[in-house]
Amino acid sequence: MSNPDELLVALSAMVETERSNQMSLTVVVGGAVLTGRLAPEAVWRERVAEVLKDSDRLGPFADIFAGGPRENRAGRDEAPTHLHFHLARILQGSLGIPETGGMYRVAIKDVSAWTVGDLIHFDQ
């Protein structure tokens, strides 16, 4: 969407202010379907930093996620520009990749469709 959906921005803003990770959302971005739960940006960054810190090769990148722009904007009334997913999967046919869920950051302006809820695929 070149003009971000005001409802999606409002949902993201509420997740940010409530510091909740219980809002399930499914979005279409660039033809891919992504489904999972939203997290506040600060919580998402913290979790990514923890994962990177535990890696021998990627550990040096942890500091980039540990602090950052969101903390600097905390006092401002800026609308969120990104959705921060955790426990998220990219749906491909009957598979969710990765199976255990991953951490994804999606620009709200790039979302072409969305729905509340987490889509779950079952092989039958």
Side-chain angles (χ1 to χ4, degrees):
M1 294 179 184
S2 57
N3 189 10
D5 184 314
E6 62 190 44
L7 287 173
L8 193 52
V9 171
L11 272 175
S12 182
M14 187 165 188
V15 168
E16 288 295 329
T17 59
E18 298 294 323
R19 297 191 55 82
S20 169
N21 62 358
Q22 298 304 306
M23 173 50 88
S24 295
L25 194 70
T26 300
V27 298
V28 177
V29 180
V33 177
L34 179 67
T35 189
R37 285 194 291 179
L38 293 178
E41 182 177 356
V43 172
W44 183 87
R45 283 175 173 267
E46 191 176 289
R47 179 65 185 124
V48 172
E50 289 171 6
V51 171
L52 292 174
K53 201 179 306 183
D54 291 341
S55 169
D56 292 335
R57 290 183 298 129
L58 302 175
F61 294 97
D63 288 343
I64 293 171
F65 290 90
R70 193 66 195 154
E71 291 176 2
N72 297 337
R73 293 191 326 209
R76 299 186 203 165
D77 288 330
E78 292 182 30
T81 58
H82 290 78
L83 301 170
H84 296 86
F85 285 90
H86 72 113
L87 301 175
R89 297 169 315 283
I90 297 172
L91 300 182
Q92 178 69 35
S94 62
L95 297 175
I97 306 166
E99 261 184 52
T100 58
M103 307 289 286
Y104 296 95
R105 176 178 161 113
V106 175
I108 294 173
K109 68 178 181 60
D110 293 337
V111 173
S112 59
W114 62 276
T115 188
V116 171
D118 188 1
L119 297 182
I120 300 173
H121 271 64
F122 294 102
D123 286 333
Q124 294 181 344

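Counting from 1, the numbers follow the sequence of the chain as shown.
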Steps toward side-chain contact (heavy atoms from CB on, under 4.5 Å) verdict (L25, F85): CA-CA 9 Å; L25 194 70; F85 285 90; 4.1 Å; yes
Straight-line distance of M14 CE to M23 CE, nearest 0.5 Å: 7.5 Å
H82 NE2 to S12 OG distance, which is reported to the nearest 0.5 Å: 10.0 Å
Cluster overlap V51 with L87, hydrophobic side-chain contacts below 4.5 Å: no
Spacing of CG belonging to D5 relative to CH2 belonging to W114, to within rounding of 0.5 Å: 5.5 Å
Atom pair CG (L38) and CD (E16), whose distance is rounded to the nearest 0.5 Å: 9.0 Å
Nearest heavy-atom neighbours spanning P80 and I108: O-CD1, 3.5 Å
Nearest heavy-atom neighbours spanning V9 and P4: CG2-CB, 4.0 Å
Closest non-hydrogen atom pair, V28 against V33: CG2-CG2, 4.2 Å
Contact check, side chains of L34 and V106, non-hydrogen atoms, under 4.5 Å: yes
Closest non-hydrogen atom pair, P98 against Y104: CD-OH, 3.3 Å
With sequence neighbours excluded, residues passing side chain to side chain donor-acceptor pair (under 3.5 Å) with R47: E50
Residue pair F65 / R45: nearest heavy atoms and the distance that separates them: O-CB, 3.0 Å
Nearest-0.5 Å distance, CZ of residue R37 to NE2 of residue H86: 4.5 Å
Which atom of G36 lies closest to which atom of D118, heavy atoms considered: N-OD1, 3.6 Å
Counterpart residues, side chain to side chain donor-acceptor pair (under 3.5 Å), relative to T26 (two or more places apart): T35
Spatial distance of atom CG (L8) from atom CG (L83) [nearest 0.5 Å]: 5.0 Å
